[in-house]
Amino acid sequence: MSATILDGKAVAAQLLRDVGTRVQAAKARGVEATLAVILVGDDPASAVYVRNKERRAAEVGIATRDHRLPASTTAASLHALVRELDDDRGVDGILVQLPLPAGIPSEPVLLAVDPAKDVDGFHPDNLGRLMIGKPRFVACTPAGCMRLLAHAGATLAGARALVIGRSTIVGRPMAQLLLQADATVVQAHSRTRDLRAEVERADIVVAAVGRAELVRGEWIKPGAIVIDVGTNRTAEGRLVGDVDFAGALSRAAAITPVPGGVGPMTIACLLDNVALAAERRAGLVA
Ligand code: NAD
């Protein structure tokens, strides 16, 4: 058996077409979907991420407002900018690109973002709403993973789903989404005793750790669906996931590649959230 490779680029392209249509509908109501992007400092990887997000936004008709601040920016002036954007009725979404420079703790900044404009879904208000099954915005990477699982035709109700990683932005919301889809969820993390045994039992594996090929192909239960969130550079400069892709191919029913799996979905889901915020401002959805 060779696994179906889940093409994140194609699934993302389909979602982005839908986003473009909804953005136009909001525009017809006089609302221009607008995303404010804050980038502090000169981290090259962050600059690439921001450029990709802004390029995709332009393709679907979402306006972006670029706020580039030097690494010497103080926490106080960053907070003041966030508050200004919170109050700006022309802004639908606010994205603070992480990581922030060492001197600026990220948590207070993320807390300052108006939850109604928190298109990343990182604010505790939005995480709490997800927890009670009434999400306003779902964090983009887990939302993208759910769409990939739907695309794979995964039956989630009753399935044993393993989420590896418990970060606030990926692992935890991912486990919540799977739970709400009626999966039996196990959350593994750095203190899990026998990761192999957990993987061997799982019908669905979502790996979000950040350790190259931690999950060996021979651990995968035959027929399992594998979503690999990890992005890691090998010593030779190759981009690989948290799962041994070549080894898993002969066992899994479906698997996401790295790159080209979860990554494109994350950006598409961010823009889906911006479109949703604009639809709300236009009175098109509740
Ligand atoms: P994080 O560092 O915040 O969390 C990593 C998690 O892995 C922790 O909860 C930790 O407990 C767990 N962990 C560490 N070692 C482990 C082990 N040996 N066994 C089991 N669990 C272990 O990272 P994050 O922000 O959640 O990101 C995880 C990975 O996903 C990274 O590689 C990141 O680059 C990638 N990522 C990709 C996208 C995308 O769009 N493709 C988006 C977000 C994150």
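Computation of the quantities below employed the complete heavy-atom set of this structure, encompassing side-chain atoms and omitting hydrogens, waters and symmetry-equivalent molecules. Everything quoted here is computed from the prediction, not taken from an experiment.
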Just checking [X]: does its [atom1] atom have more than 12 heavy atoms from other residues, nucleotides or ligands closer to it than 6.0 angstrom?
X    : atom1 : answer
E218 : CD    : yes
R281 : CZ    : yes
D42  : CG    : no
R68  : CZ    : yes
F245 : CZ    : yes

Indicate yes or no for a side-chain donor-acceptor contact from [X] to the backbone of [Y] under 3.5 Å, with no hydrogens or angles considered.
X    : Y    : value
R22  : A275 : no
R172 : I169 : no
Q187 : G171 : yes
R280 : A286 : yes
R29  : A282 : yes

Carboxylate-amine/guanidinium proximity below 4.0 Å for R51 and E54: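 So R51 does not pair with E54 through a salt bridge.
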Hydrophobic cluster identity match, L195 and I255, side-chain contacts under 4.5 Å: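 The answer is yes; both residues are in one hydrophobic cluster.
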In one Ile/Leu/Val/Met/Phe/Trp/Tyr side-chain cluster, 4.5 Å: M265, V205: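 Different hydrophobic clusters.
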Rounded at 0.5 Å granularity, tell me how far [atom1] in [X] sits from [atom2] in [Y].
X    : Y    : atom1 : atom2 : answer
E279 : D92  : CD    : CG    : 10.5 Å
K117 : L95  : NZ    : CG    : 14.0 Å
D125 : D118 : CG    : CG    : 8.5 Å
C145 : I225 : SG    : CD1   : 12.5 Å

Side chains of [X] and [Y]: does their closest heavy-atom pair fall under 4.5 Å?
X    : Y    : answer
R233 : L239 : yes
Q176 : L179 : yes
L276 : F137 : yes

Counterpart residues, salt bridge (Lys or Arg N to Asp or Glu O under 4.0 Å), relative to E200 (two or more places apart):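 Partners of E200 by the salt bridge (Lys or Arg N to Asp or Glu O under 4.0 Å) criterion, ordered by chain and then number, come out as R196.
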